[in-house]
Amino acid sequence: MSSESPPSIPPYLETLNPEQREAVLHWGRPLLILAGAGSGKTRVITTKIAYLIREKGLDPRSILAVTFTNKAAREMADRARLIDDRAGAAVMRTFHSFGAWFLRRYGSRAGINPGFVIYDDDDMVSLLSTLMEDAPRAEIKETARCISRAKDYLLSPGDPGLDRIDYRKSFRRIYRRYEERLAQIGNVDFGDLIGKPAELLRTDGELAERIRRRFKAILVDEYQDSNIAQFELLKELWGGGAYLCVVGDDDQSIYRFRGAEVRNILEFPSRFDGADIIRLERNYRSVAPILAAASSVVDHNRGRLGKTLRAERGTGKLPVLAFLPDQDEEAAFCADLIENSVTSEKNRALYSDWAILYRTNAQSLGFETELLRRRIPYRVVGSLKFYEREEVKDALALLSFLVNPRDEVAFRRVVNKPARGVGAVTADRIVLEAGSPPEPRPETDRDLFDEAPASSGPGPGDLAAAARRLLPGLSPKAASGLRDFLGAVEQGRTFLGMEETAKGGGKRKLPKTGGELRAGEGLSVCLVHLVDAAGIAAYHLARDDIAGNQRIGNLQELANAASMYPSSEEGLLEFLEHIELDRTMEEDTGDGDSVTLITLHNTKGLEFRRVIMTGNEQGLFPREEKRDDDLEEERRLFYVGATRAMDELYLTSCAMRRVFGSVKAAEPSLFLREADPAAFRVVGNAPPGFASSRYGGKGTGPHRSRRSGAPPQAPPAVSSDGRWRLGNRVFHDDYGYGAVVEIRESDDGPVVRVHFETGREVHFLSPVQGAKFLKVEDDG
DNA sequence: TAGTTTTAAGTTTTT
DNA sequence: CTTAAAACTA
């Protein structure tokens with residue numbers, strides 16, 4: 001369905017290229033936009049939202065735009081509003097946040113408590129540990145992972161397809177009990193945020209019809225990262241009537257490990273019969289050599305839709321491939337590059353032009369240390385452990401217990417913190433006493449655009465009520481401790497207007513506490529009081545006065561964040577939901593000119609003028625023994641990382657790497673060998689197979705390139721067993737690459753002296769090579 | 001039951 | 001090496 005070209009093109013469409021414009025104007029059948037890296041897809045989506053409102057006359061509230069990260073959702077909303085202010089009323093959310101929104105409004109139809117709290121992975125593990133009492137931690141974590149995966153594939157405990165996830169008989173039993181417990185508690189996990197809405201729409205025809213009346217256009221960004229459950233949810237929302245437009249790039253699918261199905265995008269045309277496809281293949285971000293290097297690697301993947309990116313920016317600097325001795329040199333190499341660039345006379349760079357990319361969060365530490373030492377400003381994106389800190393989780397557990405007194409996980413976490421004489425045995429009794437699940441609440445019908453969630457209330461299963469009933473039977477110490485805890489909780493609930501007061505309801509002033517934390521506006525008053533009254537702040541201060549003060553600081557930061565929310569039950573729910581779904585802290589200041597440290601996964605959707613991809617070593621990237629589909633995913637990750645770079649790209653590979661304290665030798669990444677050799681300029685001590693532009697260096701033996709065409713050296717000596725000759729390249733698991741520099745005969749056989757690239761020399765007895773010691777290259 | 005010491009495990013990647 | 005979990009003692 002192409003548009004009847006209007007006589008005059010609105011100005012906001014003028015700057016689009018023909019394919020982009022076609023994608024924006026498209027209407028009718030489902031549309032798949034295959035958007036290569038840097039092809040301006042966000043621009044297309046945001047423009048399309050504005051177009052639907054302006055030219056198609058859609059009510060903004062009938063447009064649903066889904067992304068995978070909160071940052072992307074925010075950016076989409078900001079940019080769409082810039083084109084047309086009305087776009088702000090469209091529903092622009094992540095899949096999970098949409099699911100939460102949906103469940104709070106309509107979940108009661110399926111007996112879901114609208115005041116649910118979202119359980120993260122840690123909470124899952126906590127709940128599971130009450131179900132798998134004597135199991136080791138690792139097994140519980142593995143079970144939690146399997147349950148998450150099962151939910152990604154929309155598999156219930158009774159589903160025969162569950163064997164694909166976990167074949168253990170016990171798994172089904174535990175999964176079923178986990179679901180029962182979660183339902184009793186009245187909370188949901190991440191998977192439920194997708195699965196429950198999908199299920200609800202599938203079984204509740206009236207609701208489905210109503211939702212389909214509302215959402216006339218559905219747009220999905222980063223579609224290649226969607227999983228089966230998300231596909232089903234999308235299908236239900238679409239219902240055959242809405243306009244559906246998905247945007248993605250199969251080459252950038254990097255979330256298989258959490259259930260993403262590349263097939264969703266590969267098979268989109270067949271799943272949505274008669275879908276149109278538009279390709280955006282003009283790359284406006286990277287210079288041609290960067291694109292060529294990235295493509296030459298991802299070209300090794302099978303099963304792609306295939307596209308050819310054209311570099312609109314034209315030629316530029318060749319990517320640099322640097323071989324370095326170890327990770328300290330790697331950090332120094334990065335710091336040197338950055339320092340030189342910001343002081344250079346011509347073509348001066350800003351710190352913020354630079355990004356250092358790595359595979360695992362653990363790698364950031366070395367870079368942080370070096371940058372700190374050199375006083376280079378940096379910021380670490382993601383890996384925010386703030387919400388994983390003990391004191392922060394304690395405070396959040398208290399708040400969660402306020403909204404949901406059935407929350408066993410939260411209750412167990414804080415009921416005996418600080419020690420109140422209420423141990424595991426007493427906690428078990430209270431949970432048992434609370435017993436039966438509550439009645440499902442009747443659904444209240446509301447207007448199509450009404451977005452207020454139904455309010456929750458206490459009911460059976462209330463742990464606070466159960467604890468109160470058991471008070472008389474407890475030891476004086478336990479009873480008094482429990483009373484303190486219940487008192488703090490009740491004060492909090494009363495303050496938020498959730499508890500009927502004796503004198504006719506309404507909010508009540510909190511008694512003053514001489515606590516360590518300062519209360520600010522709104523919800524922070526409640527949080528601060530609760531943390532003080534429950535003794536959390538004092539507990540952490542008492543344990544350690546150095547770390548304790550740091551912890552008080554963290555609690556203060558949490559309180560500051562809470563002050564943005566209204567002091568009410570709704571405000572509290574909003575606050576908790578925001579924290580569960582978006583753990584990226586607000587950027588402190590946007591004005592800071594600093595280097596970005598970031599994992600490869602986190603870079604998606606971002607761009608930087610200059611990018612350093614570090615740790616290109618076998619075992620680290622690609623990780624371990626990745627094979628087949630998993631290896632292809634790592635390759636796509638390489639592609640994603642490389643295509644973040646606009647002007648300059650650097651790749652580093654170390655000969656040695658410290659892991660768990662001890663050093664291990666490393667081989668260059670497979671991806672470096674797969675890349676077109678002409679795509680890089682190689683610097684440093686290149687291992688065999690890589691043409692180095694610099695020769696010699698540290699006199700580490702012969703250092704010829706395969707492509708140099710130099711005549712082979714005459715072999716001056718060969719070991720008596722014929723295994724070794726001088727100049728042989730060798731590789732040792734612990735020492736890395738080296739060369740045989742001496743051969744002599746001993747009573748036990750030939751002994752070789754090997755000089756390694758790290759400068760170390762080691763003697764080996766020829767027969768006892770073991771698997772750790774291999775000959776890499778035959779001379780001559 | 002609470003707090004301490006000893007031992008072992010861990011590094012993917014994230015909503 | 002660092003951190004979390006099991007084991008142990010008061």
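Note on naming: letters A, B, ... go to the chains in the order of the sequence lines (proteins, then strands), and numbering restarts at 1 for each one. Not measured: the values here are computed from a predicted model.
If A/Ser97 and A/Val422 are placed on DNA chain B by their nearest nucleotide, the residue sitting closer to the 5' end is A/Val422. Nearest-nucleotide positions on DNA chain B for A/Gly421 and A/Glu580 put A/Gly421 closer to the 5' end.
The CG-C1' distance, from A/Leu637 to B/dT14, rounds to 13 Å in whole Å. If you take CG of A/Asn227 and P of B/dT14, they are 17 Å apart, rounded to a whole angstrom. A/Asp152 has its CG atom 11 Å from the C1' atom of B/dT14, to the nearest Å. What separates OH of A/Tyr358 from C1' of B/dT12 is a distance of 13 Å, to the nearest Å. Distance, A/Arg635 CZ to B/dT13 C1': 18 Å, rounded to whole Å. One interatomic measurement links the two molecules: CG of A/Leu365 to C1' of C/dC1, which rounds to 11 Å at whole-angstrom precision. Spacing between atom NE2 of A/His578 and atom P of B/dT15 amounts to 12 Å, rounded to whole angstrom units. Counting to the nearest Å, the C1' atom of B/dT14 and the CE atom of A/Met124 are 14 Å from each other.
For the residue pair A/Arg379 / A/Thr596, a side-chain donor-acceptor distance below 3.5 Å is found, with atom types taken as modelled. For the 3.5 Å distance criterion, the side chains of A/Thr652 and A/Glu330 qualify, holding a donor opposite an acceptor.
Using a 4.0 Å heavy-atom criterion, one finds that A/Tyr255 contacts the sugar-phosphate atoms exclusively. Using a 4.0 Å heavy-atom cutoff across all strands shown, A/Phe68 reaches sugar-phosphate atoms only and no base atom. Among the atoms of the strands shown, base atoms are found under 4.0 Å from some heavy atom of A/Arg258.
On the P atoms, B/dT13 is 15 Å away from C/dA4, given to the nearest whole Å. B/dT11 and C/dA6 have their C1' atoms separated by 22 Å, with the value rounded to a whole Å.
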Which protein N or O atoms sit under 3.5 Å from an N or O of nucleotides 7-10 of chain C?
none

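Between A/Lys151 and A/Asp192 there is a salt bridge, with a side-chain nitrogen of the basic residue lying less than 4.0 Å from a carboxylate oxygen of the acidic one. We find that A/Asp249 and A/Arg636 are not joined by a salt bridge, their nearest charged nitrogen and carboxylate oxygen being 4.0 Å or further apart. Ion pair A/Arg79/A/Glu75 flagged as a salt bridge, since at least one NZ, NE, NH1 or NH2 atom sits closer than 4.0 Å to an Asp/Glu carboxylate oxygen. Salt bridge status for A/Glu634 with A/Arg359: present, with a side-chain N to carboxylate O gap under 4.0 Å.
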Going through the checks in order, is the side chain to side chain contact (heavy atoms under 4.5 Å, CB included) test met by A/Gln224 and A/Asn264? CA-CA 7 Å; A/Gln224 75 282 352; A/Asn264 280 352; over 6 Å; no
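The phosphate of B/dT14 has OP1 or OP2 within less than 4.0 Å of a side-chain N or O from A/Asn361. Between A/Asn416 and B/dA2, a side-chain N or O to OP1/OP2 separation shorter than 4.0 Å is present. Side-chain nitrogen and oxygen atoms of A/Thr599 include at least one within less than 4.0 Å of the OP1 or OP2 phosphate oxygen of B/dT14.
Applying the salt bridge (charged side-chain N to carboxylate O under 4.0 Å, His left out) test between A/Asp251 and each of A/Arg304, A/Arg635, A/Lys604 identifies A/Arg304 as the sole match. The side chain to side chain donor-acceptor pair (under 3.5 Å) test with A/Gln327 is passed by exactly one of A/Glu370, A/Glu617, A/Gln363, A/Arg657: A/Arg657.
Judged by Watson-Crick or G-U wobble contacts below 3.5 Å, the nucleotide B/dT14 has no partner.
Scanning atom types as modelled, one donor and one acceptor separated by under 3.5 angstrom connect the side chain of A/Arg359 and the base of B/dT13.
Looking at A/Arg429 and A/Leu470, their side chains come closer than 4.5 Å, going by heavy atoms from C-beta outward.
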What string of B, S and - do you get for nucleotides 3-11 of chain B, 5' to 3', when a contact is any protein heavy atom under 4.0 Å? -------BB
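The side chain of A/Glu634 sits closest to B/dT12 out of B/dT12, C/dA6, B/dT14.
Centroid-to-centroid, the aromatic rings of A/Tyr639 and A/His300 stay 6.0 Å apart or farther.
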